[in-house]
Amino acid sequence: MGSPQHCVPLAKQSAITRDALGVYGLLTTPVWVFDIDFLRKWWANPPAVRLWQADSLEELLARDFSQDISDASRTRLANYRLRFAQGETSVSERWTFYPHSEPMTLECVCSPIYIRDEHGERLALLVEARTPTGVAESTDRRHVESLRHCSEMVSLYTPSGQVLLRNPAAKRTLGQGVSESEDLFASLFFDKTIAPEIRHTTAKGEAFVDEVEVMTTGGVRWHRINAHQVVDPVSGEPALLVSQHDVSDRRAYQHKLEQAHIKLERRSEDLKSFARQIDMARAEAVRLRLRAEAESQAKSEFLATMSHELRTPMTGVLGMADLLIDTELNDEQRELTQHLRRSAVGLLDHLNDILDHAKIEAGKLTLETVDFSPRTVLNDVRRLLGSVAWRRNIELLFEVAPTVPMWLRGDPRRFQQILINLVGNALKFTDHGEVRVELSHKPTTNLRRISLVGSVSDTGIGIPQEQIARMFVPFEQATPATSRRFGGTGLGLAIVQQLCELMGGRIEVESQESVGSTFRFYLDLEIGSGPRTGEFPVFPAHATQEVVTLNGLRVLAADDNAVTRLLLQRTLSAWGCTAEVVESGQEAVEAFARNPFDLVVLDMHMPGLNGIETTKCLRERTAARKVPIIALTADLQPDQKASFRQAGANVCLPKPIDRELLAVTIQRLTRVRKR
């Protein structure tokens, strides 16, 4: 191919990078750019790389040629600078190189060119070496063969747009291009402004590189165009060398990636929006939780207050009825008083059911864990309900399997409540026959626990099959007629079911109308070992109906309710006690400071100095450290009982006051005997 001396005229050129020299890679003669300032090769085309026997362009550029340049060569380079400065555009001279072990002398054409890289802009030499004839011919043949088999499209155009050369790849895609009258170069582009832009850019000695739409034999396609102005090796006139390759598939794939990226960004925005919604929902959940906790706390406080406020007057009603029964009454007065007491007991039962259901719903009902005897609990149920069965002429039978442990560990009060509700229901709905209570157990995988099985069977009216599913729904009864005939709140069975579940068990029912019903419950309980030495149960067994005498016992009692104070005064006096009853905790502390006492009875919910604070004040006194203290409360829960015990109370008893239970407790604490 011809000399490149007309390719980059010094007067027109601007500094170029290595990428702009790619057109020289198609030349068959060795061409390289020599950096005069750094005395190194700055770029080379493939023939030059092979001439210098380098494996790659990178290896050639990495070599240090500065040591091989003689002083004469340095002088020649300085002379080139001067000649180029005076306006010469090329210099033809023979150079001797040492690409092999033997020297090689070649005719070289050197043209000035400005280059630009990380070191800035500077003058360099564009060198084309004319190889010996044999070498050049063989090299040309190789390049022609390579161009023929190259998959990239290569074309050479005249300035007017006629095709001078197209390799086979270009011919297949763009056509033969043999027209003499058309601007085939301009007709190549779908966008007609591209051809003038390419001509303008390359005329300045710059490379045009871009992706454009091209008219091909297969339609419009996207090609990456790389165009340079070169010299036609035949005519020696300027020509346009254009290489191009199809990037339609890549652009389509890139378009899909861009669309996917857009979708991903939208999805990301959606996720961010969703995250914000989650944060808002979380904040709302926190707000609702705090509100629910506040409402639960308010509900708990309301329940405690209502329990106290409702049970306190019931204490007066029941207590005064008991005191009235102990007086001289005629038969009519005694019957009326007994009716009054039974009505009060029934009202108290309903009140207890409603408060228990409310506590369970609020999650505030907690179970106690103490050792208890299941047989003792059954005996208490027999004593409490035996008279009801006797009056209704119903046989009440109890049977405990001999394999049931003597002691179990759980909440005896709630276990008793389950039995009382079930047995009471059975007696209510049975007109004749019997009610049978049985206890057995099933072993579990844990050798320290059992599944206690209790059943209550009756020969009563039975339950319609369609109503069985509603038996455990709060405030529901089998039929309206049943409610009118037998009364009740409809809470008993619902509470029994909830208590069974709290104890890790369940309850089920089998029934047949006019034949009877069987309620069977299962409780998961630990095997106990009996009460520890000195332990006093919260709810001790009731005393028998014997006359109680506590002659000479000095008792201090404090309660802010006037009726309860009167009841305590009358009851303690009737038992032979010397009682001083005050209305506040502060008065109790002052009374103990004045006189010694053998026993103290304190209401826990007094205004001012409450029962816990009063107990602590008394325990700080040496004289009161060993004096038994009985705590009275209308809302006894295990956590409250623990706080009473921690303050120094010996026993906690519920309100309304059970006079028999109070007597037994005083007797055990003071070791006073009944007569």
Side-chain angles (χ1 to χ4, degrees), residues 1-10 13 16 21-37 39-54 57 60-61 63 65-115 123-147 156 205 228-239 241:
M1 299 180 72
S3 170
Q5 60 188 14
H6 300 293
C7 296
V8 192
L10 184 61
Q13 72 178 357
I16 62 175
L21 295 167
V23 64
Y24 294 103
L26 300 175
L27 299 180
T28 59
T29 56
V31 178
W32 65 87
V33 177
F34 188 78
D35 188 342
I36 299 176
D37 291 339
L39 300 178
R40 65 177 183 178
K41 285 184 175 59
W42 187 77
W43 179 86
N45 70 353
V49 173
R50 290 191 294 272
L51 175 67
W52 292 91
Q53 292 191 340
L57 175 61
L60 178 62
L61 299 183
R63 292 181 182 178
F65 294 94
S66 62
Q67 303 299 321
D68 299 329
I69 297 177
S70 64
D71 292 337
S73 296
R74 295 176 189 271
T75 302
R76 183 185 290 186
L77 292 175
N79 184 45
Y80 282 175
R81 284 183 181 272
L82 178 60
R83 294 171 67 177
F84 292 152
Q86 293 174 350
E88 290 192 41
T89 59
S90 66
V91 177
S92 296
E93 291 186 351
R94 294 176 68 84
W95 283 81
T96 300
F97 306 96
Y98 296 85
H100 314 289
S101 58
E102 296 295 329
M104 177 182 290
T105 301
L106 300 175
E107 186 73 20
C108 294
V109 179
C110 302
S111 303
I113 185 173
Y114 278 94
I115 61 175
L123 180 66
L125 293 180
L126 179 66
V127 182
E128 181 182 13
R130 306 296 177 87
T131 59
T133 302
V135 176
E137 290 178 353
S138 62
T139 302
D140 287 342
R141 286 197 300 272
R142 292 192 188 99
H143 284 193
V144 170
E145 191 68 19
S146 298
L147 191 62
L156 189 65
H228 303 273
Q229 190 178 72
V230 297
V231 174
D232 180 4
V234 177
S235 65
E237 297 296 326
L241 181 65

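Below, all heavy atoms of this structure are taken into account, side chains as well, without hydrogens, waters or symmetry copies.
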For Leu61, enumerate each residue passing the side-chain contact (heavy atoms from CB on, under 4.5 Å) test, keeping only those at least two apart in sequence or located in another chain.
Arg18, Lys41, Leu57
Are Trp95 and Val127 side-chain neighbours, meaning at least one heavy-atom pair lies under 4.5 Å?
no
As a quick check of understanding, evaluate side chain to side chain contact (heavy atoms under 4.5 Å, CB included) for Tyr24 and Val33, giving each step before the final call.
CA-CA 11 Å; Tyr24 294 103; Val33 177; over 6 Å; no
With Asn79, which residues qualify under side-chain contact (heavy atoms from CB on, under 4.5 Å), at least two apart?
Arg83
Heavy-atom pair of closest approach, residues Asp35 and Ala124
CA-CB, 4.3 Å
How about Phe84 and Val91: do any of their side-chain heavy atoms sit closer than 4.5 Å?
yes
Can you name the one residue among Leu51, Val31, Thr28 that meets side chain to side chain contact (heavy atoms under 4.5 Å, CB included) with Asn45?
Val31
Of all heavy-atom pairs linking Leu39 and Ile36, the shortest is CD2-O, 3.4 Å
How long is the straight-line distance from CG of Leu60 back to CZ of Arg40, given to the nearest 0.5 Å?
12.0 Å
Do the non-hydrogen side-chain atoms of Phe34 and Leu77 ever get within less than 4.5 Å of each other?
yes
Minimum heavy-atom separation for Gln53 and Arg63, please, with both atom names.
O-NH2, 3.2 Å
Please find the pair of heavy atoms, one from Pro112 and one from Ser90, that lie closest to each other, and give the distance.
CD-N, 4.5 Å
Does any non-hydrogen side-chain atom of Ile113 lie less than 4.5 Å from one of Trp42?
no
